[in-house]
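The sequence lines fix the lettering, A, B, ..., with proteins before strands; numbering per chain opens at 1.
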4 protein chains.
Amino acid sequence: MSAQERPAELTAERPVPRPAARPAARPGRRRDEAKDDAILAATLELLAERGYDGMTMDAVADRAGAGKATVYRRWPSKVRLAADALVCNRSARLSIDDVPDTGSLRGDLAAMRRLATRVNNANDDALTGVWSIVQDDPEVAAIFREQFVKSKVGLMRAVLERAQARGEVPAGRDLEMIAMVGPALLSYHKLANGGSLEEGFVERMIDEVIVPLATCAPVPEPAGSR
Amino acid sequence: MSAQERPAELTAERPVPRPAARPAARPGRRRDEAKDDAILAATLELLAERGYDGMTMDAVADRAGAGKATVYRRWPSKVRLAADALVCNRSARLSIDDVPDTGSLRGDLAAMRRLATRVNNANDDALTGVWSIVQDDPEVAAIFREQFVKSKVGLMRAVLERAQARGEVPAGRDLEMIAMVGPALLSYHKLANGGSLEEGFVERMIDEVIVPLATCAPVPEPAGSR
Amino acid sequence: MSAQERPAELTAERPVPRPAARPAARPGRRRDEAKDDAILAATLELLAERGYDGMTMDAVADRAGAGKATVYRRWPSKVRLAADALVCNRSARLSIDDVPDTGSLRGDLAAMRRLATRVNNANDDALTGVWSIVQDDPEVAAIFREQFVKSKVGLMRAVLERAQARGEVPAGRDLEMIAMVGPALLSYHKLANGGSLEEGFVERMIDEVIVPLATCAPVPEPAGSR
Amino acid sequence: MSAQERPAELTAERPVPRPAARPAARPGRRRDEAKDDAILAATLELLAERGYDGMTMDAVADRAGAGKATVYRRWPSKVRLAADALVCNRSARLSIDDVPDTGSLRGDLAAMRRLATRVNNANDDALTGVWSIVQDDPEVAAIFREQFVKSKVGLMRAVLERAQARGEVPAGRDLEMIAMVGPALLSYHKLANGGSLEEGFVERMIDEVIVPLATCAPVPEPAGSR
DNA sequence: CTGTAAACGAGACGGTACGTCCTGTCTTTGA
DNA sequence: TCAAAGACAGGACGTACCGTCTCGTTTACAG
């Protein structure tokens, strides 16, 4: 029932968010699509102001100028609404085409870092606030993983592949693994730091970890390996 | 109010977990110390079965065969109880002395991995479920960081330093950063995988990321480097 | 607003139920008069099946094959609809001319009872269910009193007057009061009985109360009266 | 479950309202019996001020200084609460012993009328407001019939029996039926009058209906009866 | 025959009450 | 004095219904 009932954001890949809608006309009043946005906006605001627990469904409805029924007609539960609000809000997603080819891996990473900062910093933090709650719902959890993990890793991997094509990265490296290192370190650092990002951390990470790891020659396996 | 009221786990450094308690006799019934364990066990079970939201205080008390008041006499809130349950349960902590010196970084890491598996696998997973909630409480958050981040990174760093002393790791590497890579990748992988650890992932991580990163020669900085 | 909007039943005396309507033509689609009946029928059914609370406006519209707007275009509220449904349905009203002159009060009453049974039994019962709700609306309440109280008492009074003309009932009796006794007992009995009418109750009432009361000689007032 | 859970008023005959209660002691906080009264009082007030629909459960809890859970722990639904409030409030119930023996039926009735006015006038009116709603619940309906119908009829019957013993009322009269006439007329009159009682109505009823009916000689059955 | 106005079925809307559940506190009885 | 049991205030959740409004379609008069 739900895949069609709910707004499409959480259930489809973004590129085609609403699949051309109902081809045949249905009777009855149309849903006010503007309400979706109003509700999501209200949700996001309240999430930021008061946290997940303070984000009351009544408050959401109220601030969105909607009735609770309207909210529940579109999202089946508070968790799903919060999840959708966070996912949808990741306004732009970076793709490899957004990252300029600077001619070096190090340059590309620096460029990427600048783009990413502009795009989705605040959201990542808000996300942490609902992460554990969102995990209860397996479907939502999958979407979240897609949105917040795989997309980052994918972008990083594309950058690495470009560097490999350029000859910077030797063949035979486990790019999948290496692509995870950046995002992983970033989020682990935030974990260890109470959510804040230390000045200069990203640069240090790029210079001390990612670039060396990607560009150094493969170490020969020890003879009697394991 | 709390430092004395609550079991010591969350408020003191582990070495002296329960401060020998009151030696002199007080009037009245003694606290049943066994109840602490029953409550923590119940908490952990429910956390695993139903997640943080499903872990009701009533259910905890019920399963522990205790009254709610008993629970609240020992822990000041649900969050703290959940936090304590997770922290306390990390029965043993590894130190560098527990990791045998196999003569190679790769061997040490493999040994460490075997030890760690025995010790604290299940718990790390349960942790993910309460992470964000636990963050609300700054004191708890600090303990958690200590327990789940710094201790891992510290151990890893010690292993790296041993390898450096052995001559495997070149001087001048940012060991702090490199030590984070292992734990970060592990937890990020679990995040991306819904909590489960893919077969062979750790080995791949050791061979493709940590060992190369630690042992390869530093790459020369590009000429016009920032 | 309403007198013209709504079907005429509740606002006009029955004899001219729908005042020949607008002779001049207006543009636009005509109201489907058949829908009135469908809606009233649905209302009555649901009232009987589920009571006033269970009689949802959505359910009424649904069962009548109508939209809610259609219902609300014709009746301004749920109460009024329920009221109308009950009132309109009292298909025929008995008048003194319908009651054959059997030559005795007792015979006339028996005849009347047979007629009344045919006419409006089920409805009286449904009525009880909305009585108190209907009271909120003063206009509706007035109609209801007219329909369900005065009409019965009026008929009974006519029968009593015929008996008085016949010489059965002594002059000087308070016919107004006596005429109320029958209807009052009937409805009170239903109240006390959960809506059902005990077998033989009407006959007993006629023989033990109405006839004796109407025909006996007036009792002499006690000497030092009040 | 419910008979014991709820306060006893609606489920037991008043004389032994709470059946000696729990003989053995149970652990746990006792129910605050004062809350019962506070809640019932709040209910009654709100019922009077705003009617049944306006009597919100939240408002009741609020005014009673209680939580909604406390209300719902004691009454299973709004209807039951309203019902109980009305029934319990009939502070005193008249019995035949309260009606002085004036030596004549007419005098007894006048005395009874004075007593009844003092005791339960307002309540009868409030009752009308919930009657139809209360009817949905068969158990409550039965209690209401008991309280508001049978008790009145019973008292009236006792007065008639006393008059019969005195010789005022001939043997062989259908006292059950005659006892209903008074209450029936009264409530029917209120029905027809929008709830208000016309000045002098009761006296007229006593003199023109009840006394004549009870004291007149039985009319001979017509020969060829029906 | 075409335009326009109204009524139609469907169903979304704002609002609001209901009854359930959970947290953290308080009270009672027993050990 | 502490324990178990459980009642308490408060407040959020998700459901249901009322009366209104908006769609896109159908009907019927007007020109």
For [X] and [N], what is the distance between atoms [atom1] and [atom2] respectively, to the nearest whole Å?
{"X": "Trp75(D)", "N": "dT20(E)", "atom1": "CH2", "atom2": "C1'", "answer": "18 Å"}
{"X": "Arg80(A)", "N": "dC13(F)", "atom1": "CZ", "atom2": "P", "answer": "17 Å"}
{"X": "Met55(D)", "N": "dC18(E)", "atom1": "CE", "atom2": "C1'", "answer": "11 Å"}

Which heavy atom of Tyr72(A) sits nearest to which heavy atom of Ser77(A), and what is that distance?
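Scanning both residues completely, I find the closest heavy atoms to be CE2-CA, 4.2 Å.
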
Looking at Leu44(C) and Ala85(C), what are the two nearest heavy atoms and their distance?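 Residues Leu44(C) and Ala85(C), closest heavy atoms: CD2-O, 3.5 Å.
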
Atom pairs under 3.5 Å, N or O on each side, protein against nucleotides 19-23 of chain F: can you list them with distances?
residue, atom, partner, partner atom, Å
dG19(F), OP2, Tyr72(C), OH, 2.8
dG19(F), OP2, Lys78(C), N, 3.2
dG19(F), O5', Tyr72(C), OH, 3.4
dG19(F), N7, Lys68(C), NZ, 2.9
dG19(F), O6, Lys68(C), NZ, 2.8
dC21(F), O2, Arg29(A), NH1, 2.9
dT22(F), O4', Arg29(A), NE, 3.3

ask   = Would a 4.5 Å heavy-atom cut-off, applied to side chains only, mark Asp36(A) and Glu33(A) as touching?
value =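 A side-chain contact exists here, since the closest heavy-atom pair is under 4.5 Å.
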
Does Lys68(D) reach the side chain of Val71(D), with side-chain heavy atoms less than 4.5 Å apart?
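Result no, sub-4.5 Å side-chain heavy-atom pair not found.
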
Review item, side-chain donor-acceptor pairs of residues 54-64 of chain C, under 3.5 Å, at least two apart:
residue, atom, partner, partner atom, Å
Arg63(C), NH1, Glu45(C), OE1, 2.8
Arg63(C), NH1, Glu49(C), OE2, 2.8
Arg63(C), NH2, Glu49(C), OE1, 3.1

Of the nucleotides dC8(E), dG9(E), dC13(E), which one has an atom closest to the side chain of Ala66(C)?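 Nearest to the side-chain atoms of Ala66(C), counting from C-beta on, is dG9(E).
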
Practice task
Show your working on side-chain contact (heavy atoms from CB on, under 4.5 Å) between Leu81(D) and Lys78(D) and close with a plain yes or no.
Solution key: CA-CA 5 Å; Leu81(D) 172 58; Lys78(D) 182 178 172 179; 5.7 Å; no

| query | Starting at the 5' end of DNA chain E and moving along, which residue's nearest nucleotide shows up first, Ala64(C) or Ala61(A)? | reply |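 It is Ala64(C) whose nearest nucleotide is closer to the 5' end.
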
### Message
Between Asp62(C) and Lys35(A), which residue's closest nucleotide on DNA chain E lies nearer the 5′ terminus?
### Response
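Nearer the 5' end of the strand: Asp62(C).
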
